[in-house]
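Order of the sequence lines sets the chain letters (A, B, ...), proteins ahead of strands, with each chain counted from 1. All values reported here derive from a predicted model rather than from experimental measurement.
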Protein chains: 2
Amino acid sequence: MTSPTEDFIEQMGLMAQSEGGPRIAGQILGYLIVEGEPRTLAQMTEALKISKASASTNARLLVLKGSVRRVSPVGQRQDAYEALDFPNLAVIRALGDRFRDHADKMTEISAGFPESHAGARERVSRFADFHRKTADFIDAWTEKLAEDAGLAATDREDTR
Amino acid sequence: MTSPTEDFIEQMGLMAQSEGGPRIAGQILGYLIVEGEPRTLAQMTEALKISKASASTNARLLVLKGSVRRVSPVGQRQDAYEALDFPNLAVIRALGDRFRDHADKMTEISAGFPESHAGARERVSRFADFHRKTADFIDAWTEKLAEDAGLAATDREDTR
DNA sequence: CGGGATGTTCAATAAGGACTGAACGATTTG
DNA sequence: CAAATCGTTCAGTCCTTATTGAACATCCCG
């Protein structure tokens, strides 16, 4: 009773939620991936049964996150959005950035512990290092992914 | 004004929230890391100004996530909790598991696309592969981290 | 100029989840 | 056994955020 397309879009919505984001953003991304070609806000509202406001807001959110790009063909009144070749590459990058931010904050805090709390300082510092190493690792991974993307790597660092 | 300890605990709370979890869970973990030794629920409620219910619920959540363990010294009425040496190792593992789960779901869905939607099937499939590869990479990383954890654990004297 | 699309913004609503106080059950102590 | 201590559960409250409808701004075409 449910088509693969519906299943996928639904799954993408759930996945987005499990990552702490808006469900609709995931659904839009799923829709754009399935379609494979630019789609307008009107088409999204129609296909996903969502309001114009949600379509607009979440589509722009996806652009900000680097999963989607806005295309504006000449002679076309409506804006259209299109999924990038590797929509979640930027998401993984952002994940690494978050780890690094946390690591830096923790390191800075650890430096503030006085000698009388050397143990705590050591533990906090180790905690920070753990995060920084993980950030480095994720960076290396996105690096590699970007290479594999190869031909499609035209969208490396255009947003933000 | 604010001590490094307070800063760290606050930061851990914010970090937990940014990952979509309860703020208090992060604070408890921060508290346990700073203390470096088992602490009871009563001590948590006192130190963090939280309710008994929150302390109990979130401490057990941390155990579930694998960041903390419960210790029950003999002749001690109160349960106590202690941060693991690498509290977030399990968290990263869970991250990898989530990627793999998503990948599997997507792959299964992609198989359902009929020949008439071969393009969509291909795109969904590639999306799934991307996640699976990322899951594999994260697994490899946790593998490596676990080694380090093993080394660090051996130069400490406490064992379980 | 209107008139009609189209995209964005904003206030209001709905939904979900965190947090708490209080009740409960279990265990210990005297 | 009675009293006290401790952990868990649960209903209720609060707070955040997603989602929407409607107002608004902009652009295009006649």
Side-chain angles (χ1 to χ4, degrees), chain A residues 9-32 38-65 67-82 91 98 159, chain B residues 9-32 38-65 67-82 98:
Chain A
I9 291 176
E10 177 188 356
Q11 237 354 277
M12 289 291 289
L14 294 176
M15 180 171 150
Q17 272 188 314
S18 84
E19 310 293 338
R23 181 221 269 124
I24 290 187
Q27 292 178 344
I28 290 178
L29 179 56
Y31 173 66
L32 292 178
R39 288 292 180 263
T40 67
L41 292 180
Q43 289 174 313
M44 297 177 200
T45 63
E46 160 68 17
L48 303 176
K49 267 46 169 207
I50 59 178
S51 73
K52 216 170 42 157
S54 287
S56 171
T57 301
N58 286 285
R60 275 178 301 142
L61 174 64
L62 287 171
V63 171
L64 200 68
K65 290 210 294 179
S67 300
V68 151
R69 74 162 166 245
R70 181 188 217 150
V71 297
S72 306
V74 286
Q76 181 77 27
R77 288 188 59 174
Q78 305 178 83
D79 291 348
Y81 294 84
E82 182 181 36
V91 174
R98 234 170 46 221
T159 44
Chain B
I9 291 175
E10 177 188 355
Q11 230 6 266
M12 288 291 289
L14 294 176
M15 180 171 149
Q17 271 188 314
S18 85
E19 310 294 337
R23 181 219 271 126
I24 290 187
Q27 293 180 345
I28 290 178
L29 179 56
Y31 173 65
L32 293 179
R39 288 293 180 262
T40 66
L41 292 180
Q43 288 174 315
M44 298 177 198
T45 64
E46 160 68 16
L48 303 176
K49 265 60 169 194
I50 58 179
S51 70
K52 215 170 42 158
S54 287
S56 171
T57 302
N58 287 284
R60 275 177 300 143
L61 174 64
L62 287 171
V63 172
L64 200 67
K65 289 212 294 179
S67 300
V68 151
R69 75 164 167 218
R70 182 186 218 152
V71 297
S72 305
V74 285
Q76 181 76 30
R77 283 190 61 175
Q78 303 178 86
D79 291 348
Y81 294 84
E82 181 181 38
R98 237 174 39 228

Under the rule for side chain to side chain donor-acceptor pair (under 3.5 Å), what residues qualify as partners of B:Q78, not counting sequence neighbours?
none
Take nucleotides 8-29 of chain D nucleotide by nucleotide from the 5' end and write B, S or -, depending on whether a protein heavy atom sits under 4.0 Å from the base, only from the sugar-phosphate, or from neither.
BB---------SBB-----B--
Without decimals, in angstroms, what is the distance between B:M44 CE and C:dC19 P?
15 Å
Pairs satisfying salt bridge (charged side-chain N to carboxylate O under 4.0 Å, His left out), at least one member in residues 44-64 of chain A, at least two apart:
none
B:R98: partners by salt bridge (Lys or Arg N to Asp or Glu O under 4.0 Å), with sequence neighbours left out
A:E19
Rounded off to whole Å, could you give me the CD-to-P distance for the B:Q43 and D:dG7 pair?
11 Å
side-chain contact (heavy atoms from CB on, under 4.5 Å) evaluation trace for A:Y81 with A:L62:
CA-CA 10 Å; A:Y81 294 84; A:L62 287 171; over 6 Å; no
Please give, in whole Å, the distance from C:dG17 C1' to B:L61 CG?
13 Å
Counterpart residues, side-chain contact (heavy atoms from CB on, under 4.5 Å), relative to B:A80 (two or more places apart)
B:P38, B:T40, B:V71
Applying side chain to side chain donor-acceptor pair (under 3.5 Å), can you list everything that pairs with B:S54, at least two apart in sequence or on another chain?
B:S51
Find the distance B:L62:CG to C:dA18:P and express it as a whole number of Å.
13 Å
